[in-house]
Amino acid sequence: MKASQRSLLLLEQCFTMTQMKQIQSHLAVSGTLLDPYAAGRIVAFCAVRDFSYAHRFFQHLPHLCRTAFVCNTMIKALVDEKEHESALALYKRMVTDYGFLPNNYTLSFLLTACTQLGDVCSGSIYHCQAIRLGWESYDFVQNGLIHLYVTCNVLESARRIFDASVNRDVVTWTALINGCVKSDQVEVARNLFDEMPDKNAVSWSAMINGYVQAGLFREALELFNAMQTLSGLRPSHAGVVGALTACAFLGALDQGRWIHAYVDRTKMKLDRILGTALIDMYSKCGCVDAARRVFEEMEERDVFAFTSLISCLANHGHSKDAIELFGRMLTEGVAPNEVTFICVLSSCSRMGMVDHGLEIFRSMSKEYGIEPGVQHYGCLVDLLGRAGMLEEAKQVVRGMPMEPDSYVLGALLNGCRVHGDVELGRELVESIIQRKLDHGGVHVLLSNMYASTSQWDDVVKVRKGMEENRVKKVPGCSSIEVNGEVREFVVGDRSVALVEEVVPLLCWIEKHLKSLRLEEEGGAGVAENCFF
DNA sequence: ATAGGGTTAG
């Protein structure tokens with residue numbers, strides 16, 4: 001490139017659209033617009049700022065100025081605008097009408113289009129083109145192909161290109177690492193990660209998020225820490241989001257707070273994704289107020305941010321606030337989606353707000369165009385069942401447009417338990433077992449239902465039946481963080497620490513609470529006898 | 001002169 005052209009390019013960065021339009025008319029008058037380079041610069045400049053203007057300009061260009069560069073730039077712009085059909089049409093015109101062969105730029109833009117469409121068939125046609133024209137080992141084409149095959153779940157093809165490649169760069173490696181993660185081969189991904197010669201912040205983030213995807217949250221956090229101690233790289237936005245997701249699952253509050261402080265310290269932009277990740281981390285760690293603060297700090301809130309906080313409030317006993325926040329969401333013009341309605345309906349259910357819940361359920365399809373799914377019916381049945389409206393709940397189950405799943409029937413069964421309708425409960429369990437929908441939780445519910453009405457023989461029967469049929473309930477599990485260490489508690493845990501330290505403390509708390517209740521009821525307090 | 005890989009809610 002000539003020095004004069006380079007300085008013009010730099011100068012171009014300072015122009016506004018209006019100035020560029022002025023330059024354009026000036027060029028038109030002086031006849032310079034017929035110069036392919038000048039015309040190309042105008043298209044490239046406008047394509048990223050005002051697409052429709054660039055498009056019009058392109059369509060009026062004289063034939064001489066429709067260079068491969070201009071076509072590529074327009075194809076890229078069309079792909080960015082998600083106008084994949086038009087991008088393809090332009091490509092065809094470029095080849096047939098203007099007589100250009102696709103080059104490495106053309107092919108990489110077309111591959112991006114195929115990847116976004118998940119269209120591996122068209123993608124492999126361009127793959128063939130690339131081979132025929134000798135572009136297949138060009139970095140952007142090669143990496144584009146790997147990305148395409150990874151996205152479309154054809155890991156073997158991605159792997160073949162990788163293995164045959166003699167010019168792998170950091171993008172090549174990272175694309176394949178993601179492919180392995182997507183195909184549940186997180187260990188293979190880690191081996192690649194260890195093997196790759198250079199890593200940047202994107203490759204670290206990809207591996208951190210790979211562990212998160214695989215549910216290996218401790219490994220994700222270890223890697224997040226290693227990134228800072230070993231690589232000297234600063235965790236990027238995506239890395240931070242991945243680490244926060246891991247903290248949320250582990251209940252690792254200290255680590256999560258540290259990351260929040262890091263976000264503040266480095267002035268990382270609290271955008272919708274990062275904000276939501278923070279809200280969710282605080283939510284899962286039980287810090288409702290911190291979650292609220294992050295939410296208020298965010299400059300833009302989308303359906304994810306709202307739903308995340310609504311879910312947080314609903315899960316921590318603030319159902320009323322959750323429903324209020326739903327109202328605020330509507331006022332601020334953010335459209336709820338199916339997940340939002342699950343959270344809101346379960347809030348209504350816990351609050352016993354039957355009418356309001358029914359109204360919201362009805363509004364789903366009427367006002368928001370969202371057809372209720374099986375989970376929404378589950379919430380509705382739960383809402384009616386908890387309120388003791390078992391007949392209505394049964395009618396909902398009968399009238400639903402899809403087969404009830406174990407959660408819908410489980411919600412009805414729970415209603416039976418709470419309101420002591422053992423007969424209906426028994427019928428239900430039979431139908432649940434007949435439909436082969438029984439999971440451990442259903443049996444436990446039935447046994448609890450018998451227990452609540454003191455039908456101990458039946459309790460024993462259910463428990464025995466569970467043993468005989470080898471019905472397993474996923475054990476209840478929770479975790480807390482103490483001094484930076486995450487400690488897990490699982491039902492049936494009989495470890496020394498638990499039996500010798502935690503259980504006596506729990507007994508003391510229970511006795512203490514009972515004595516307090518006695519005091520409240522006017523009875524004589526016995527608190528002093530309850531210390532160890 | 002035009003370009004690629006990583007991230008949020010039930």
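All heavy atoms count here, side chains included; hydrogens, waters and symmetry mates do not. Every chain is numbered from 1, with letters handed out A, B, ... down the list of sequences. Since the model is a prediction, treat every value here as computed from it, not as a measurement.
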Can you pull out the residues from [range] that lie within a 4.0 Å heavy-atom distance of DNA chain B?
range: residues 164-174 of chain A; value: A:Asp169, A:Val170, A:Val171, A:Thr174
range: residues 369-386 of chain A; value: A:Gln375
range: residues 260-291 of chain A; value: A:Arg272, A:Ile273, A:Thr276, A:Asp280, A:Lys284

- [ ] Would you please determine if the base of B:dA9 is stacked by A:Phe304, with stacking meaning a centroid separation under 5.5 angstrom and planes under 30 degrees?
- [x]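 Stacking between A:Phe304 and B:dA9: absent.
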Open item on the list: For a quick check of understanding: with a heavy-atom distance under 4.0 Å over all strands, which category does A:Ser108 fall into, base, sugar-phosphate or nothing?
Closed with: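 Base contact - A:Ser108 has a heavy atom under 4.0 Å of at least one base atom.
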- [ ] Assign A:Ala305 to base, sugar-phosphate, or nothing according to its heavy-atom contacts below 4.0 angstrom with the strands shown.
- [x]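 Nothing, no heavy atom under 4.0 Å.
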- [ ] Return yes if a side-chain donor-acceptor contact under 3.5 Å exists between A:Gln129 and A:Arg132, otherwise no.
- [x]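 Judged by distance alone, the side chains do pair up.
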Open item on the list: Check for me whether A:Arg272 meets the cation-pi criterion with A:Phe304, that is, NZ or CZ under 6.0 Å from the six-membered ring centre and within 45 degrees of the ring axis.
Closed with: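 Output no; distance or angle outside limits.
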Open item on the list: If you take the centroid of each ring, where Trp contributes its six-membered ring, are A:Phe162 and A:Trp173 closer together than 6.0 Å?
Closed with: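 For A:Trp173 and A:Phe162, the ring centres are under 6.0 Å apart.
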Task: Charged N-O contact under 4.0 Å between A:Arg160 and A:Asp163 - done: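 Not counted as a salt bridge, because no side-chain N and carboxylate O are separated by less than 4.0 Å.
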Open item on the list: With a 4.0 Å cut-off on N to O distance, would you call A:Glu296 and A:Arg328 a salt bridge?
Closed with: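 Counted as a salt bridge, because a side-chain N and a carboxylate O are separated by less than 4.0 Å.
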TODO: Classify the ring geometry between A:Phe341 and A:Tyr368 as parallel (under 30°), tilted (30 to 60°) or perpendicular (over 60°).
DONE: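 A:Phe341 vs A:Tyr368 ring planes: tilted.
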Open item on the list: Ring-plane angle category for A:Trp258 and A:Tyr262, please: parallel below 30°, perpendicular beyond 60°, tilted otherwise.
Closed with: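 Geometry flag for A:Tyr262 against A:Trp258: parallel rings.
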Task: Among B:dG5, B:dA3, B:dT7, the nucleotide that comes nearest once only the side chain of A:Lys76 is considered - done: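 That would be B:dA3.
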Task: Side-chain N or O of A:His147 closer than 4.0 Å to phosphate OP1/OP2 of B:dG5 - done: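 True: A:His147 side-chain N/O within range (under 4.0 Å) of B:dG5 OP1/OP2.
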Task: Side-chain donor/acceptor of A:Asn72 to base of B:dA3, under 3.5 Å - done: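 Between B:dA3 and A:Asn72, which were checked side chain against base, a qualifying N/O pair under 3.5 Å is absent.
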